[in-house]
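Here is how names work: the chains are called A, B, and so on, in the same order as the sequence lines, proteins then strands, and each is numbered from 1.
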Number of protein chains: 2
Amino acid sequence: MTVQHSAPPLSQRQSAILDRVMANGYVTIDALAAEFGVSAQTVRRDIIALSEAGQLQRFHGGAGPADAMEAARLDYAAKRELGKPAKTEVARKAAALIPDGAALFLDVGTTIETCARELARRKGFTIFTTSMRAAMAFDPRSHAVYVLGGRLAGKDGSLVGEDTVQKLASIHLDVALIACSAIDETGRVMDFDLSKIAVKRAAMAASARSMLLSTRSKFDRTALGKIADIGDFSAVVTEDHPETSLALVQAPLQE
Amino acid sequence: MTVQHSAPPLSQRQSAILDRVMANGYVTIDALAAEFGVSAQTVRRDIIALSEAGQLQRFHGGAGPADAMEAARLDYAAKRELGKPAKTEVARKAAALIPDGAALFLDVGTTIETCARELARRKGFTIFTTSMRAAMAFDPRSHAVYVLGGRLAGKDGSLVGEDTVQKLASIHLDVALIACSAIDETGRVMDFDLSKIAVKRAAMAASARSMLLSTRSKFDRTALGKIADIGDFSAVVTEDHPETSLALVQAPLQE
DNA sequence: GGAAGCCTGTAAGATACCTTACAGTTGGCA
DNA sequence: TGCCAACTGTAAGGTATCTTACAGGCTTCC
C-alpha cells in the first residue's frame, strides 16, 4: 500500500501559513511576517503561491481559507443567502421565544444555526444537537453543549447515525427546534433527507414542546418524507405577513 | 422566567453582517456593500460598531470573527504557536506513516489537527474522532468521518462522554493517533485531562496499532494521569534530533 | 412647522497595502 | 573558482482602503 501525497510540495513556512489560515480563518500579512520573522513581501509571495495553488484565498492585507472543505462551507454559506433576511427574522423570533436556561434540541439547518448564534449570546442553556456548526456557536463555558455523534453527512457539519435516536429516547428536553424542507397544503411537515427524519421525530418525542422554524418559502411545497403534522408543533415560527394557507401559532413558551 | 437578551440591540443589517462573518469566517467590505445595496462607508460604520461591541474583528478591507466562541478559538490558535514548527513537523511525519485507506482514530489536540489537515488532502480514510475540529478538516465526500458524540468540553471542539468508550469497544481500527500532555523519565505517557484518558485508552484498545504524536517539549515532564507506557505504542513520532532520554521507534506502518 | 437626532451618501486627504523591479545571499554544480 | 537558480529584502510608484468632514433625507418630538 503506497504512501504518497497528491498535493504539490510546500515549503515549511507555506505549510505553516496554511495551518494558521485553517485555524484562525483569516490572518494578516503583518501577523504572519512577525510570526515567521520574515518580511511582509516574503509572506506575500507565499500567499500568492498558495492562492494560485487554490490552497487559500487572497484578501487585501491577508488571506483566508479557500480549500476543499472551506470551499464547501462557502458554497453552503452562499446557499444561506437565498433566504437570508427571512431566515434571520425567523431565527430571531424563535430565539426570543426560548426561556432562559432551557434544555434544547437543535436540528440541522441554516436557520437553526442562525438561531443558535442568537441563543449563544445568552447564558445557561443546555443544548443537544447533531449539528457541529450549531454546537460550535456556543461557548462551552456559558452553556452545556452535547453533540450527538454520528457520521459526518455533509458540508453543513451534520451528523447522522442510528445511535442518535436511542440516545434521544433516554433524555428529556424542554424544547426541540426543528427545521424542515417543506410544508404541504395539508399541513404535513416534510424533509428531503430521510436519514434525518428519524432524528427529528425522536427529538420531538423527547421534548416537552417542539418549535418549527420555517420561512414562508417552504410553505405549499412537498418533499420526500413526512416528519410530522404541523399541529404536532407547539409553535411554528415564520416571517411576518402570515399570508399563508395555514394558521400559525406564535405563542411564547413557558416552562 | 424572563426572556431577554443581554446583548445590545443590533440593526437588521448588522445582524446579517455578523451572520456572514460567522458563516464565511471573513468577508470584504465590498462584498457586504454589494450584498446589502449600501455604500462601503455604511458597511464600514456597521463594522466599526460591531467591532467596538466586540462582536467581530476589523481588518483592512473587511472583517472577521472575534466573538466569545471565536475568540476562544483564537486563544486556542494562539496556543498552537507555542510549539508551532515542531508540531507541524511531527504532524507531517506522522501523516506520512499512515497508509492510504486506513481506518483511524484521531485524538484531540493541535498536533492531531494539523495531522488531520495533512491527511485530508488525500482520499479514502475512515475517521473516528472526538474532535470536531479534526472532523471538520475532512471533506465528507472524500472520507468517511464518524464523530463520537459527547459533551463539548472546550474551545478546542473536543467531545467527552461515557458512551464514547463503549462505542469504541465495538469497532476495530487500523491506527489510533494519540496525543498526550507529558512523557516522564520512566516512559509513562500522561495527560492532564482525566476525562480524556479513558477515551485514549479505549481508542488504543480498539486499534491494531497506536501512534503517539508528541513534540520533544512533552518529554521528561509529568502530568495528572497515566494513559499508557511508551512501549504500548507501535510508533512514537517526534521531531528530528532525538536527543531525548527515550529510544523512539519510527517505523512505517503496514497493514 | 421646526429643531434635534439618526442614518446614509459623497468627497478629499492620509494611510496602508500591492506591484514591480532590482540587488544581496545562499546553495548546488561543473 | 565561477556560474546559475532559488529565495529573500529593499525601494518606488500605483492602487485601494481608511479617516474625517460635510450635506441630505428621514423620523421623533416639542
What protein N or O atoms touch nucleotides 16-19 of chain C N or O atoms at under 3.5 angstrom, if any, and at what distances?
unit_1, atom_1, unit_2, atom_2, d
C:dC17, OP1, A:D30, OD2, 3.3
C:dC17, O3', A:G61, N, 3.4
C:dC18, OP1, A:G61, N, 2.9
C:dC18, OP2, A:R44, NE, 2.7
C:dC18, OP2, A:R44, NH2, 2.6
C:dT19, OP1, A:R58, NH1, 3.2
C:dT19, OP2, A:R58, NH1, 3.3
C:dT19, OP2, A:R58, NH2, 2.8

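- Partners of B:T42 by side chain to side chain donor-acceptor pair (under 3.5 Å), not counting sequence neighbours, listed by chain and number: B:S39.
- For B:T126, the side chain to side chain donor-acceptor pair (under 3.5 Å) criterion is met by no residue, not counting sequence neighbours.
- Among residues two or more places apart in sequence or in another chain, the side chain to side chain donor-acceptor pair (under 3.5 Å) test is passed with A:S214 by none.
- Under 4.0 angstrom from either OP1 or OP2 of C:dT8 there lies no side-chain N or O belonging to B:S39.
- Residue B:R45 has no polar side-chain atom (N or O) positioned under 4.0 Å from OP1 or OP2 of D:dT19.
- Distance, A:I47 CD1 to D:dT8 C1': 16 Å, rounded to whole Å.
- B:H143 meets the ring pair (Phe, Tyr, Trp, His ring centres under 6.0 Å) test with B:F125, B:F138; sequence neighbours excluded.
- In terms of the side chain to side chain donor-acceptor pair (under 3.5 Å) criterion, residue partners of B:S158 (sequence neighbours excluded) are, by chain and number, B:D156.
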